[in-house]
Q: 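The structure's right below; bear with me while I get my questions together.
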Amino acid sequence: MLMISSSYSRGFITISCIVIFLFYVIHFFSLFTEGLSANATHFTLEGVPFRILGGSIHYFRVPRAHWRDRLLKLKACGLNTLTTYVPWNLHEPERGVYVFHEELDLEAYVRLADELGLWVILRPGPYICAEWDLGGLPSWLLQDKQMKLRTTYSGFTTAINSYFDKLMPKIVPLQFKRGGPVIALQVENEYGSYAKDDQYMSFIKEALLSQGISELLLTSDNREGLKCGGVDGVLQAVNLQKLSYGDVQHLAELQPQKPLLVMEYWSGWFDVWGEPHHVFDAQEMISTVRELLDRGVSINFYMFHGGTSFGFMNGAIDFGTYKPQTSSYDYDAPLTESGDYTVKYHLLRNLLSTYNNEPLLDPPSVQSRRAYEPVVVTHYISLWQSLQCVETRIRADDPLNMENLPANGINGQFYGYTLYETDIYTGGELNSRNHVRDRALVFIDRELIGVLDYRTQKIRIPHIKGEMTLGLLVENCGRVNYGPGLDNQRKGLVGDITLNDVPLKKFTMYCLEMKPSYINRLESLKWVSVGKKPSYPAFFRGRLVVDEPTDTFVKLPNWSKGVVFVNGRNLGRHWSVGPQKGLYLPGPWLRSGDNQIVVFEEFKADETIHLSENPEYGKIIDVSRHPFCTLM
Ligand code: GLA
């Protein structure tokens, strides 16, 4: 007995010694494993010269079931690195509530890239710009009236620290030195164009380091931002579309004896509602890329595949005029919104094949799409009836902005619409005093009388008898994602509105964030057959029967403005002003059999919802002949 137990304990000691020995050997080698390094005029990886040939694909803009297809297409194009932003507003939708599953499973996305033999550069912000609501910052931050975003204001830095405490432990083990594919991380994003606090970039850098980030750090800026976008000890990279402005030369002078990296080579551009669809000439892109490659520059395509800003996630620009972006983020990139190859893809693959030593993978076969039979709209329910399903209605003397409405037991509504109602006793001039963010349908006794927005701030209310209800259905069309105005992105009614110069009081407010749970709850109501003249706004319902779920585009040619939901999921906004005239509906979000399509429509519905094989992005404008993109 004694002998057996002592031989057991000897065995145990030996195994423990081996484990401890191995641990130290691995740790010792990890100290000397050389990841991406920028100590010369070219990058090295594991000590060997390396050129970053990257492409941006945002996991949160692509249905998870399509990740593999898109990443394989990136690899088959001759790229070696995947880059992605990390959207804080989705990962922490409410303060202290974290989401890292389904389309938000960042670890799975990075591991997939690793499995496919791609390196990864992460851009965890926390501000990401990206044509994304508030540049990816959670709008609950704006509940603090003193908030100073992208500064070392303690309310902001404390929130970042809590978020990084949850995010970074997921990223740290995926770093190159730990055997993972993450070779570099970006510190913030284009801070040189904001630059409100000269301590801020060091704070972010230190936050990353203290969390255990040990790979190469870099910053990226446009030409103007390069001056003050950097931070000590961190490589600077530039963002551009054309070489004519001498941006690469400028970077080389600013940072001699360092590798040159175009972190965002803009393959196209984004769209805003009411203006043409931006494209960028494929030949021009290729000749610029060829020149960059010939000059030994590393490059990342922003975007390689744009995808979709599903739901209410689009951002907006405001250079004097507020302009919300579309739900499509096609970007005229080498892969289209639905993952199709384009001329750019093929030209780029030809070019990159000459920069790869190994033959490129065959591009994966094209994914099919279906033009399903039109869906007949059978029933509708008016917005007014739907209010029974609204979880939160709040009464207060003064109108509250969205972020400060105590919705769903948590403080704040962040996206969608809010209905404000109050009783009035006289007609006259209704003045928004520019407090509508961003657009309001105005009702008297629930009959539409007009629209208020940034341009139209006054409306005449006809003479009324007795007491009537004034209603404002205010739509948050998307928070600005770029520029100095980030702190002013509260939505809903952000101050008093007046009737004949007297501020209105005693509001009832209904939060209409239109989450899947709300759309599903509508089912319990008595929907009305569309035979009768519907009252607007309203939710319209149809049934799409599917044999094999396949990608398609939802089109609403005779409709006006609203939001489309499929099986409760918010696909994005539809608006007849275009340019986008179809919403991408990913096949994996459909099920075999019955699927429910609900369209929220503000003004004018049709009897049918069309499902088309191809998108429609509207009239085009070439950005090479349009100065707009020099603004970023
Ligand atoms: C900048 C930002 C990106 C994006 C592009 C325009 O470069 O860094 O996030 O907004 O502009 O598409």
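Whatever order the structure lists them in is the order used to number ligands and atoms, beginning at 1. Counting begins at 1 with the first residue of the sequence.
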Q: I'd like to know if Arg437 and Glu403 make a salt bridge, using a cut-off of under 4.0 Å between side-chain N and carboxylate O.
A: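 No salt bridge links Arg437 with Glu403.
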
Q: Without hydrogens or angle criteria, can the side chains of Asn570 and Tyr415 be said to hold a donor-acceptor pair below 3.5 Å?
A: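 No.
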
Q: Return yes when atom CG of Asp232 has more than 12 non-hydrogen atoms of other residues, nucleotides or ligands closer than 6.0 Å, and no otherwise.
A: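 No, not enclosed.
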
Q: So, regarding Tyr85 and ligand 1 (criterion: nitrogen or oxygen to nitrogen or oxygen, under 3.5 Å), is there a contact or not?
A: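 Indeed, backbone or side chain, Tyr85 has an N or O that close.
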
Q: Among Phe100, Tyr85, Trp67, which residue satisfies the ring-ring contact (aromatic ring centres under 6.0 Å, His included) criterion with Tyr109?
A: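 That would be Trp67; it is the only one of Phe100, Tyr85, Trp67 passing the ring-ring contact (aromatic ring centres under 6.0 Å, His included) with Tyr109.
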
Q: I'd like to check which ligand 1 atoms, numbered from 1 as shown, lie under 4.0 Å from a non-hydrogen atom of Trp269.
A: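 Listed by number with element, the hits are 6 (C).
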
Q: Please confirm whether Tyr482 comes under 4.0 Å of ligand 1, counting heavy atoms of the residue only.
A: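 Under 4.0 Å: no for Tyr482.
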
Q: Do Gln580 and Tyr617 have a side chain donor and acceptor closer than 3.5 Å?
A: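 No donor-acceptor contact under 3.5 Å links the two side chains.
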
Q: What are the atoms of ligand 1, with element, lying closer than 4.0 Å to any heavy atom of Tyr331?
A: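 This gives 6 (C), 12 (O) as the contact atoms.
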
Q: Glu337 and Ser328: side-chain donor and acceptor closer than 3.5 Å?
A: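 Per modelled atom types, Glu337 and Ser328 side chains form a pair under 3.5 Å.
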
Q: Taking distance alone, with no angle check, do Asn481 and ligand 1 share an N/O pair under 3.5 Å?
A: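 No.
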
Q: Taking atom CD of Gln257 as the centre, report whether more than 12 heavy atoms of other residues, nucleotides or ligands fall under 6.0 Å from it.
A: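 Atom CD in Gln257 is not crowded, with 12 or fewer foreign heavy atoms closer than 6.0 Å.
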
Q: Which atoms of ligand 1 are found less than 4.0 Å from any heavy atom of Glu190?
A: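 Atoms satisfying the 4.0 Å criterion: 1 (C), 2 (C), 7 (O), 8 (O).
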
Q: Identify, by atom number and element, the atoms of ligand 1 in contact range of Asn239, meaning under 4.0 Å from any of its heavy atoms.
A: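 Contacts of ligand 1 toward Asn239, numbered from 1: 7 (O).
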
Q: Report, in ascending order of atom number, the atoms of ligand 1 lying under 4.0 Å from any heavy atom of Asn189.
A: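 Every atom of ligand 1 under 4.0 Å from some heavy atom of Asn189: 2 (C), 8 (O), 9 (O).
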
Q: Could you tell me whether some N/O pair between Ala130 and ligand 1 is separated by less than 3.5 angstrom?
A: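 Indeed, backbone or side chain, Ala130 has an N or O that close.
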
Q: Contact between ligand 1 and Ile128 is defined here as a heavy atom of the residue under 4.0 Å from a ligand atom; is it met?
A: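 For ligand 1, residue contact (heavy atoms, under 4.0 Å) with Ile128 is present.
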
